[in-house]
Amino acid sequence: MKIPFVYNLRSVTQRPVSTALTALGIGLVVAVFVAMLALANGFVTALVTTGSADNVLLLRRGADTEMSSGIPREAISIISASPHIATGADGRPMISPETYIVINLQRPGGDAYAVANVVARGVSDKAFDVRRNIKIIEGRRFASGQSEICVGSKLKGRFMNVNVGDVLRFGNRNWNIVCRFTADGSSFESELWGENEQFQSVFRGTGFQDVAFRLKDPAAFEEVKRSFLAEQRIQIDAHRESEFYASQSELLGNILRFLAIMITAIMAVGAVFGAVNTMYAAVSSRTSEIAVLLTLGFHPRSVLASFLAESAVIAFIGGVIGCLLALPINGVVTSTTNWASFSEIAFAFRVTPQLLLAGLIFAVVMGVVGGFFPARRASKLPVVQALR
Amino acid sequence: MKFLPLVIANLKRHKLRTILTICSVALALFLFASLRTVTTTLSAGSEVSSASRMITQNATAFVIPLPQTYATRLAAVPHVQLVTWANWFGGKYGDGKKFFAQFAIDPESYLKIYPEIQIPADQKEAFLKERSSAIIGEGLVRAFGWKVGDNVTIQGTIFPGDWTFTIRGIYHPTLKEYGDDSFMFHYDYLYEKYPDRVTPGWFIMKIDDPAASPVVAKTIDDQFRNSSAPTKTGTEKAFASGFASMWGNVKLLMSTIGMAVVFAILLVTANAMMMNQRERTSEVAVMKTVGFSDRRVFGLVIIEAAVISLTGAVLGLGAAILLPIVTGFGQGGFLPGFHVTGGTLFIGASVALLLTVASGIFPAWQAARLPVVQALRRVE
Amino acid sequence: MALVEIRNVDKSFKREAQTVDVYNGLTIDFDEGSYTALMGPSGSGKSTLLNLVAGLDKPTSGTVRVAGAEVSAMTASQLADWRARTIGFVFQSYNLLPVLTAHQNVELPLLLTNLNKKERAERTAIALGVVGLSDRMDHFPRQLSGGQEQRVAIARAIVADPTLILLDEPTGQLDAKSSEEVLELLRRLNEEFHKTIMIVTHDAKAAEHAKTILHLEKGVLLEREGVKMGGGIGTSGAVGVAG
């Protein structure tokens, strides 16, 4: 026979303050859990979105970042001859040789050392088509031969002089900002783009750092990889663009996730202790009621289930509170240096339904763990003593 | 304190509750202190930087190197006593999972400018003599078990190829904050393999008068402003804090979490204190009858909250202090010299005090204003 | 001057929406060394009288004086100090703090004095000796019988050498034998140690151990029975009649 749940609900309202404190404690743990994982999520997502499974990214053999890679000019014609490159609507191959350099941009505020590394990518016209989801939202593309650049949408507000119409100075030259672009939330939005030739003359000479191209047949990637490995004339490795950027997120993403779990685990232990205290006190104050229930014929197992359910419900309410507390952080933009690429990336916290669900389950688990021993004590109550 | 046995006896009434609550406080303060230590460690670099050392880097970006010829020109600047340079190597050891910093340095001048890097004289000599040798910090000894005489092979990423070094010395930093997990080798070893590509990453100078640093910076930067490699010069301290700022909002994140942690634990402690008081109304009444004043009763509850919070604080802060010592956490790169500072301990103690007051004040007030006669009626 | 002087005391309570008058112009004295039992049905105000004397409650009007001090006019903190020095109180149950041993329970009032640890220990030992429980010093209340608990409570009530010992139904929960132990102790305290005692009880046998019995009904003092042992110590003074 199951003990009617309304008994638990009423009992919970008998000790409103204790219940509220316990629920709130669990709620805070869930809030931190959701928020931190949303941070990790946001970071990883920004990078994962950057690459597409249809594109190949070529880097010098052995290089694990675009920055440490170098592809000589002569290699471009060899690469362009590959049969795997898709053709664009205009009949030209969808291939984008690029230069990649990390420059210091100053943050607003005037401190000369408050800077961050920002990716400056030298591109050709084709980059806007090859690299997915690039959309110009303000201004026009930079003109060839001019000292003009475009900025990713996430730079706005985080650095000085990065609005369309501003003049930005780096590499001993003044650059006019002529457009702003979005890229579906990916890391490109934290970069500034200019013409290859302009950047090459300022920074690195005549070579490129990487070449990206669209696969004619996405399934042919393995074939592409092998053909470049076999190529004797140039030392190039082929990476699937999506996998490459995903791997760039691995180090920091894992650290953030690890931190999230460690911190919330420790907090959870504290919250569970709080739940244990509350439930033990609840059981102690209700011994005569429990004795009556047992005398009436309710099975000890039902008593156990009843108290466990009570604890779980208190925890669940806490979980809901926690999720509500964390929800506003969704979409908030923050930034950090991705040590894998040594450049700053801005991204938005990303709360997903799965994450919220995980938070709720986490809360209930805390409640059940905390409530278990007290519930067991309740079910094992020696009736005679309790009724005295 | 003659009332302490009374307070402790009360806490022993529900041993489990008291222990769990103390443990919660301990956990929270451990977390809080560890999080704060992450932020203090990140800023520590700039705290311990010398005021008489300056760094010159490429103004466009730190990652763009500078011409070798700058060395002599920098040495000629007034106030500059010594010049040295270094390069970031950024190679991968083994599977690359354990990250550590690798620098190519000009050995003699570098070690002179950084007296904080202490190394036994014989090891230093061996290092200076052998171009393919390297010196490592004690942290790397702990992490990889390397010893003097070992050959270590690192895969270059910026400078491709497999690079083999022989360990000839182990250095000890004079201050924990300097970190003891760097790997340093000869600049010339790098240069001879890639003579077309390798030039100094940044220059370090020792100046004779810290007050002259702005003048020195201006002189140098003006000199190179219109060249192909313009410079940005500043004190080592400014340079280090610039690096720390690259962590962006991490500091904010840590502080926010720290606050959430403290708040959560406050709820747990307050709950426990209130449960304690709820069960003792008749005893409080009896004590007032015996002659304990309202104020005294108030004080006893606060002392009880203090015992819980302070015991938990000692345990939690103690664990935070011991953790890096025992496990060597923070070794190998991002958090050199991870250790709990006095400032963190002070703040931790303040948090414990806050917990005491916040968790105890309501039950204490309730006990103080408990009307004896009404409570007595319940007694009989 | 009597030890306790109650003059023209009115006392009323608010119960639910009604005001209940307990006393109306009550005037009564208790001499030093007296041993008085207060009897009467519940609601007659006998516990209230004890509370008024102990300063735990204040009269609506009138004065209560104990050893010349006007208890009814003291502030709460003055009363606390005063109670610690002057009064020993024993309840029907829940006297002892369950987390403390017998010794620690008896010591409790002494913590409010300036005595050092040694002095406190001496006095506590004496008090426990008087009630005959020296061998149970380190036992917790749950390890004592009901009668023993009450005797420890009495020890605590006398340890600070108070002027007045007040007991509210001390034998209410005890069996005959334990009651006898407690009452015998009270007799000794009054006769050998000359302690002034006021005891509220509904047990006629318990009341008979006292020297004077006062019957209260609805706040009115109905009768006064004489004491078995006369001479020297007894009650005197005008008796208040319901006005």
Side-chain angles (χ1 to χ4, degrees), chain A residues 15 17-18 21-22 24-29 31-32 35-36 39 60-65 67-68 70 101-104 107 111-118 120 170-172 202-204 235 251 255 263 266-267 269-271 273-274 276-278 280-281 284-285 334-337 339 342 344, chain B residues 14 16-17 20-21 23-25 27-28 30-31 35 57 59-64 90 92 96 99 155-161 197 225-228 230 232 234 238-239 241-243 245-250 252-253 256-257 260-261 263-265 267-272 274-275 278-279 334:
Chain A
R15 349 182 87 228
V17 179
S18 237
L21 288 179
T22 308
L24 207 52
I26 291 182
L28 270 175
V29 178
V32 171
M36 287 197 74
L39 176 71
R60 184 187 53 216
R61 183 149 304 153
D64 55 1
T65 63
M67 190 161 68
S68 51
I101 186 72
V102 168
I103 62 172
N104 288 149
R107 296 200 208 270
D111 176 2
Y113 274 98
V115 295
N117 293 340
V118 173
F170 58 86
N172 256 346
V202 169
F203 300 125
R204 291 294 197 99
Q235 302 296 307
L251 179 63
I255 291 179
I263 292 177
I266 296 181
M267 281 179 83
V269 174
F273 284 172
V276 170
N277 278 344
T278 304
Y280 265 127
S284 305
S285 67
T334 184
S335 64
T336 185
T337 301
W339 295 94
F342 204 58
E344 179 157 303
Chain B
H14 288 284
L16 183 65
R17 181 186 298 170
L20 288 182
T21 312
C23 286
S24 296
V25 174
L27 281 171
F30 166 75
L31 246 190
L35 287 173
Q57 61 174 79
T60 307
F62 176 68
V63 298
I64 303 179
K92 205 163 83 162
F99 166 81
Q155 287 168 287
T157 53
I158 308 174
F159 304 99
R197 282 181 57 197
R225 192 173 305 277
N226 292 315
S227 71
S228 58
K232 181 164 96 174
F239 178 75
S241 50
F243 248 91
S245 80
M246 288 209 276
W247 281 97
N249 286 333
V250 169
L252 180 63
L253 181 71
T256 313
I257 297 177
V261 166
F263 195 69
I265 262 11
L267 296 173
V268 171
T269 327
N271 190 20
M274 282 179 23
M275 287 195 289
R278 213 180 291 139
E279 292 155 2
F334 291 118

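Since we're looking at a predicted model, the values are computed, not measured. Lettering follows sequence order; numbering is per chain, from 1.
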Novice: Using a cut-off of under 4.5 Å on heavy-atom pairs, state which of B:Ala264, B:Ser24, B:Ser228, B:Ala59 scores highest against chain A.
Specialist: B:Ser24
Novice: Taking all heavy atoms of A:Met267 and all of B:Leu31, pick out the closest pair and write down the distance.
Specialist: CG-CD1, 3.7 Å
Novice: Over all heavy atoms of both residues, which pair between B:Leu16 and A:Tyr280 is shortest? Give the atoms and the distance, please.
Specialist: CD2-CE1, 3.3 Å
Novice: Quick one: closest heavy-atom pair of A:Arg60 and A:Gly70, and the distance?
Specialist: CB-O, 3.4 Å
Novice: Out of A:Asp64, A:Val29, A:Ile263, A:Thr22, return the one with the most heavy atom pairs under 4.5 angstrom to chain B.
Specialist: A:Ile263
Novice: If you count heavy-atom pairs within less than 4.5 Å of chain A, which of B:Ala28, B:Cys23, B:Ala272 leads?
Specialist: B:Cys23
Novice: Is B:Ile158 close to chain A through its backbone or its side chain, or both, or neither, when contacts mean heavy atoms under 4.5 Å?
Specialist: both
Novice: Between the side chain of B:Thr157 and the main-chain N/O of B:Gly90, is any donor-acceptor distance below 3.5 Å?
Specialist: yes
Novice: Answer with side chain, backbone, both or neither: which region of A:Val102 has an atom nearer than 4.5 Å to a non-hydrogen atom of chain B?
Specialist: both
Novice: Which heavy-atom pair separates A:Leu21 from B:Ala270 by the least distance, and what is that distance?
Specialist: CD1-C, 4.2 Å
Novice: With chain A as the partner, which of B:Leu35, B:Val268, B:Thr256, B:Asn271 has the greatest number of non-hydrogen pairs under 4.5 Å?
Specialist: B:Asn271
Novice: Taking all atoms of both residues into account, what is the closest heavy-atom pair of B:Arg225 and B:Pro230, and its distance?
Specialist: O-CB, 3.7 Å
Novice: Is B:Ala260 in contact with chain A via its backbone, its side chain, both, or neither, using a 4.5 Å heavy-atom distance?
Specialist: both
Novice: Ignoring hydrogens, what is the shortest heavy-atom contact between A:Thr278 and A:Arg15? Give both atom names and the distance.
Specialist: O-NH1, 4.3 Å
Novice: Please flag which part of A:Ile26 lies under 4.5 Å from any non-hydrogen atom of chain B: side chain, backbone, both or neither.
Specialist: neither
Novice: Sort B:Ser227 into side chain, backbone, both or neither according to what part of it lies under 4.5 angstrom from a heavy atom of chain A.
Specialist: backbone
Novice: Which region of B:Phe159, side chain (C-beta onward) or backbone (N, CA, C, O), has a non-hydrogen atom less than 4.5 Å from a non-hydrogen atom of chain A, or is it both or neither?
Specialist: neither
